[in-house]
Each structure stands twice: as structure tokens, then as C-alpha cells.
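Shown next, in C-alpha cells, is the structure this report addresses.
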Number of protein chains: 2
Amino acid sequence: MATIYEVSKLAGVSLATVSRVMNNNANVSDTTRKKVTSAMNELGYRPNSIAQSLASNCSNSVGLLVSELSGPFYGPMMGGIENVFRKQSKHVIIAAGHSDKAREEQAIEFLISRNCDGLILHVEAVSDHYLIELAKGKTPFVLLNRFIPELAERCITLNNKHGGYLAAKYVLEQGHKNIAYISGPLWKKDAQARLAGHKQALLEYHIAFDEELLYEGDFMESGGTQGYKHLHATSHPFTALICANDEMATGAMACAREHGVELPEALSIMGYDNVFFTRHVFPPLSTINYPINEMGRMAANWILSEVYQKTTPTLQTVFEPELVIRQSIANKT
Amino acid sequence: MATIYEVSKLAGVSLATVSRVMNNNANVSDTTRKKVTSAMNELGYRPNSIAQSLASNCSNSVGLLVSELSGPFYGPMMGGIENVFRKQSKHVIIAAGHSDKAREEQAIEFLISRNCDGLILHVEAVSDHYLIELAKGKTPFVLLNRFIPELAERCITLNNKHGGYLAAKYVLEQGHKNIAYISGPLWKKDAQARLAGHKQALLEYHIAFDEELLYEGDFMESGGTQGYKHLHATSHPFTALICANDEMATGAMACAREHGVELPEALSIMGYDNVFFTRHVFPPLSTINYPINEMGRMAANWILSEVYQKTTPTLQTVFEPELVIRQSIANKT
DNA sequence: GGTATAAATGTAAGCGCTTACATTTTATGT
DNA sequence: ACATAAAATGTAAGCGCTTACATTTATACC
């Protein structure tokens, strides 16, 4: 591989000049610029990005930590992020935290030790305190789907409460009065917020919230099936079931069908997130859209702006959910 | 950030010795090793991986190119890969090629210019010739889901033909005689192989292959819906529809249902790949398992072995598909 | 104890760039 | 034409490590 030295020799200029045309910033006359570029072409020169990084103290890499590489939620998020970075010739290093405190912390360590210029973190298990301490370090990061007041300006979140509200409101508008709810793990802020929005809508419609019709799930399919079984076993009847995410909703649907209940006639079901397979389930699932792809792009833009001083479209930290109506809710009015 | 120099000073040894304990290979006495490690701890020293890379000419990074970051297929693949690499402290740089020739080539260039030590490529649009040329370069790579005879030992593939055979055989065993088929784009090798296996099974059961009941799809949901419409419009009746992947199968299911056909009583449907949402559709889709996660791990092991000279479990290049029976095929015997 | 050998440690030259600063060339104004 | 400022280019010192080779120290053997 040709080095900058060989290019400089062939072009008959100094190393510095070659470097200047590479980073086409400084003042270089047109004639020498041409000499240099043609020398580069002749040699098939490619800058060594490692050497650039060492000398410039900038690795042009950003770390991306997600809970899982698979699953319907993270794919679109990573897609949005990779897309904006590659256009800027930044590369993204991925790691998975598996919603586990130790593994998340270890992954962050790993990414930092890899000299990432910045980090995009979708973490769940790590403590607020840890992140606040981390913010004092020298690697900038942005948080996706997590809000910490002390770090507010670097948190990109969805208005989860409003989404919970929209879901319940729609179900109520369809005339349902007995509504069951399968929440996420209630130690998670987003699960809390979704439930809070749900309760707010109920309040507005003067429907009492029935604690017996609440089941705390785990945001996974199994939580939906277990939740349905539990709710079914209570003596409290319900015509609609709102789930705090789509995976649980599909789990509940499958389970309800096994119990011989007709969907959506005998039971209406509502999801949350609008992951792509909600269109594929039967009946197609009404849900709340979570613009995760856009939010990923925004996180990437945050990094571009804060870390690389690029001018980007205005940064937005809170995103609004939207109701997506399909066929899983029956009209009872 | 502390550097190796400061560590050496504090420990009272030379740079080389510090480097030796870091790469714990050379002969270092226990006492000096202890001195050095405690100096490291005291200073909170972390090696600068960029400098290590420059000096050792090894970036410890491997590039991963997939068609899409989202979608049910690539997630498990990336998961398998990231998992094995992080245990070895290698990092993975991701890029998406979007099944487009120019973008795939550009992504490969990008990854190489990032000094990846090796590449894992899931490419579709790039030519065999391009890859054969690439193989002459100095960056080793392994191909996932693509077979090129000249590069056989670095191709990790599924026995697609056998999968096609298994699918058809099962449907035939259930007594179906009129079987429609929606293939993938037939310029793709895997689509061809799956169809070839299908035909082989038909032959074995002495059922003629009806060209009218073949539709060339695109491996996407839309291909399934269009395929169903097309097949439905022909005068040839069929009781079963085999699709060359799960996305098309779900598209076809949705479309069939819109046409008012009962699933699976009036129409049996078979998929291919066993992506996770096949359990969620209704009726749960019978399909062919594609062990993509394991194949990803194997690709990672290939790199570990060929690039980093690690000893790994024996490398396997061709994987076998398996029939997954759920409820989308009705018994006609 | 002295020599031969092995083990431990040190020295210093890079790896391929960037960049502050110095120097030379060119343009500007009178 | 000449002084002066601005633009273009060059020089050389790093960035933080690795590693070949040289040197020193410990170990073994007779």
C-alpha cells in the first residue's frame, strides 16, 4: 500500500502538502493540488485511517449500543443511524447489551476503549447514576429511549405517556368499557409512562381503572401469553386488551385464540410500537407508532453536531407517537 | 489519559516491558509484572487501541456487510457474529448494501479503507467476478449465503435445494396434488436452488410441475401478494402454495384472506427461512429453518481462524435446513 | 568459580499520518 | 521597483504504541 510519503515524492511536494490536499482545507494552489491528486491516482493511494486517527486524535467511529441486534425494534433504529453516518464517512461499531447491567457496562467500556468519538446508547439496565458519571468523562454520548433529567439535552425520547393516552382513547371511543392492560416491567420508565397515559384517558372518560385488569408483563411475547391467561382467570370480564408493546399483544392474541375467543369480535387488542410485523398478524394489529428510525437518525445527527461540529437539521429530543388503526379493535358503540 | 510512558515511569521499567505485560506473551518475571499492573491500576491506564493498531498493523476490527440492518433475517445473523467477536475483543463495523451493486461495492471499499482485518459479506448484487478479484486483495473475507466455486472454502451456505425438497415433500405427504410456487428472483442462486429442490420432490412423487403455477417473486411481502393474485387469476386450481421465503408467504396469506379464502382449510401455505414472526402469523406458518444465527457464528469463527490464527471449533461451510411444522398446512389424505 | 545458556529487560526505530511553526513564493499598493 | 502582507509550501516533532535487536541478569552445569 502506498503511503503519503510515496505520494509526496512522486508529486514532488512535501508530506504536509499531500496531507493538506487530503483534508482539502488549507490553502493549496490548483496546480499543486492537481499534481498531488494525479500522483495519488497513479499509486492507487488510500489514506490509512488508523494513522489519521492516531495523529488527529479522532477515530471517526461512533459506538452504538443496543439491547439486541435482532428483533423488530432495533433493526430500523440501526438502519437510520448507519445511514446518516456512512454518508459522512463515520463508521459505526456495534455492541449488544442484552438488557443486563454488567453486559451493558462492559459494552460501554469496550466501545470507549475502542476510541469511539461518540456513543449512541440504548441502555436499560444501567443506572442513572452510572450514566451521569459517564457524562463527566470525555466521550460524549446520546441516550435513546431514556430520559434522565440531569442529562436532558442528550436524551432522545418518545412521549410515551401520550401514546398510552392515544391508545386508550381510541379504544374508549370505540365504545369499550372494560379494558384490560398488560404493562411492561413497571420499574422501567417507559412502561410507567405508557400506563400513566392509559389511566389519564380512562379518567377523562370517567371509567374507573380496575387494578384486577392490570398485569405486569415483560415486553416479550411470553408476557402477553401469561398476561392473557392471568386476566382471563380473574372473574372480571373485558372486551378489550391494551398491551404496552406489540410483542406482548401478539402473544396475547395467540393465547386468546387458543382459548377459542374470536378476534376482534369477542376481544379487541391494541399494541404499541408499530413494529413491522404488526401488519402480518391476524387480525392486523392496531397500535401506536414509535418513529424509531427517525429517532435513530436524530441521535446520529446529535453526534454529528456535538462531536464533529457538523451543522445538522435542528435537533429534536422528544418525538410524538401516533395512532395506527388497523383491524384488531371492534366497534362497540 | 495515561499513556504507556507514564506507566513505565511509575513502575520503573521500560516501555517495552509494559507493552509485554499488556500483550502477556513475552517473558516477564512475576515481580515486574506485578509492578506494572499495579502501576496501570493506579493510573487507570487503558491502552490506546488506535496506537496499538498502527504499530501492530492490526486493527482488531472486522467489517460486516449486510443487505439491511432491519428485517427479520439479518438481526439474528448479526447477533451471532457480534457475540463471538466481542468475546475476543474484536469489534465489528457494520454497513448496509441494500442489495444494490454500487452500494455494495462502495460499502466494501468503505470497510477496507477502515482497515478492517477481515470482512464478513452478505452480498447479493455484486458480481462473482468482482469477488474473485477482491479475493486477490489483501483483506480476507468470508461469504455468507453465497456460493462461488472459485471461492468455495470461504463460502458459508445453506443447502437450499434440500430445503426446497423438504418443503415440497412435506406438502406432498399431506396429500396435496396441485401445488403453486412463488419463487424468489430467479437470477439469484438461492432462489434457483430452492425451486430445483421443489421440482425434485415433485418428480419423486410423480406430480408434474405446472409452469402456470409458478410465479417469480422478489423475496418481499409484495411479491407474495402479487404472486397470489396472479396465481389466483390463472384457471389452474391449487390447494397448496409454497413460497420461497416467509415474507412472501405472509404476503400471500394476507392477500388470500382478503379474497375470502379460509386458511389453511381452503389453502395451505408453506414458507422458508423460519424467521421469528412465522410464529405470530395466523395460522402459524410451517416453514424451513434457516440456521442463520449459527451460520453467522461460523462466519465469525472463520475470521477468527483465518485472520487471527485462533483455534476454533471445526469450520463448517454448508448447513442443512430443517422442516418446521406448524399449522398452515391442511392434511388432504 | 567460571563459562555457556536462557531469561528478563532496555534501547530505539518505526507505523503513516497531522499540524505548529518556519520559510519561500506570489500578489498588492504606491 | 520596492516594501509589505498574504498565500503557498516545507520542516520536523509528535500521536501511543510494537518489536527487532542489544544488553543485562539469572540459572545450570562441570
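Proteins come first, then strands; the chains are lettered A, B, ... in the order of their sequence lines, and each starts at number 1.
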> In whole Å, what is the span from the CG atom of Asp30(A) to the C1' atom of dA8(D)?
Replying inline: 12 Å
> If each of Val13(B) and Met22(A) is mapped to the nucleotide of DNA chain C with the nearest heavy atom, which maps nearer the 5' terminus, i.e. the 5' end?
Replying inline: Val13(B)
> Does any residue of residues 35-44 of chain A have a heavy atom under 4.0 Å from DNA chain C, and if so, which ones, in number order?
Replying inline: none
> Heavy-atom distance under 4.5 Å between the side chains of Arg114(B) and Asn60(A), does that happen here?
Replying inline: yes
>> Side chains of Pro140(A) and Glu306(A), heavy atoms from C-beta outward: is any pair under 4.5 Å?
In response: no
> When you measure from the side chain of Thr17(A), which nucleotide among dT9(D), dC17(C), dT9(C) comes out closest?
Replying inline: dT9(D)
> Taking atom P of dA27(C) as reference, at what distance in whole Å does atom CG of Asn27(A) sit?
Replying inline: 14 Å
>> Can you identify which nucleotide, out of dT11(D), dG14(C), dG14(D), has its nearest atom closest to the Ala55(A) side chain?
In response: dG14(D)
> Rounded to whole angstroms, how far apart are OH on Tyr5(A) and P on dT18(C)?
Replying inline: 17 Å
>> Can you measure Ile50(B) atom CD1 to dT18(D) atom P for me and round it to whole angstrom units?
In response: 13 Å
>> Between Lys101(A) and Glu104(A), is the salt bridge (Lys or Arg N to Asp or Glu O under 4.0 Å) condition met? List the steps.
In response: CA-CA 5 Å; Lys101(A) 186 166 182 294; Glu104(A) 285 182 354; over 6 Å; no
>> Using whole Å, what does the distance between atom P of nucleotide dA13(C) and atom CG of Leu54(B) come to?
In response: 17 Å
> The side chain of Asn48(B) lies closest to which of these nucleotides: dG16(D), dG10(D), dC17(C)?
Replying inline: dG16(D)
>> Please determine whether side chain to side chain contact (heavy atoms under 4.5 Å, CB included) holds for the pair Glu124(B) and Phe219(B), giving the CA-CA distance in whole Å, both sets of side-chain angles, and the decisive distance to 0.1 Å.
In response: CA-CA 12 Å; Glu124(B) 310 193 87; Phe219(B) 275 150; 5.6 Å; no
> Hey, is the side chain of Ser56(A) poking within less than 4.0 Å of OP1 or OP2 on dT18(C), counting only N and O atoms?
Replying inline: no
> Whole Å only: how far is the CG atom of Leu15(B) from the C1' atom of dA12(C)?
Replying inline: 10 Å
> Just checking Thr32(A): base, sugar-phosphate only, or nothing, at a heavy-atom cut-off of under 4.0 Å?
Replying inline: sugar-phosphate
> Quick one: on DNA chain C, does Ala16(B) or Ala51(B) contact a more 5' nucleotide (nearest heavy atom)?
Replying inline: Ala16(B)
> Taking OP1 and OP2 of dT18(D), is either one under 4.0 Å from a side-chain nitrogen or oxygen of Gln52(B)?
Replying inline: yes
>> Between P on dC21(D) and CZ on Arg20(B), what's the gap in Å once rounded to a whole number?
In response: 14 Å
> Heavy-atom count around Asn57(A) CG within 6.0 Å, excluding the residue itself: above 12?
Replying inline: no
> Please give, in whole Å, the distance from dC17(D) P to Asn23(B) CG?
Replying inline: 11 Å
> Which heavy atom of Ile303(A) sits nearest a heavy atom of Ile120(A), and at what distance?
Replying inline: CG1-CG1, 3.9 Å
> For Ser53(A), which contact category applies under a 4.0 Å heavy-atom criterion: base, sugar-phosphate, or nothing?
Replying inline: nothing
> Ile112(A) and Leu134(A): side chain to side chain contact (heavy atoms under 4.5 Å, CB included), yes or no, with the steps?
Replying inline: CA-CA 11 Å; Ile112(A) 291 178; Leu134(A) 188 65; 3.8 Å; yes
>> In terms of relative ring orientation, are His91(B) and His91(A) parallel, tilted or perpendicular, with 30° and 60° separating the classes?
In response: parallel
> Side-chain N or O of Ser19(B) less than 4.0 angstrom from OP1 or OP2 on dT18(D)?
Replying inline: yes
> Is there a side-chain polar atom (N or O) of Ser29(B) under 4.0 Å from OP1 or OP2 of dT9(C)?
Replying inline: yes
> Is a donor-acceptor pair below 3.5 Å formed from side chain Arg46(B) to base dG16(D), judging by atom type as modelled?
Replying inline: no
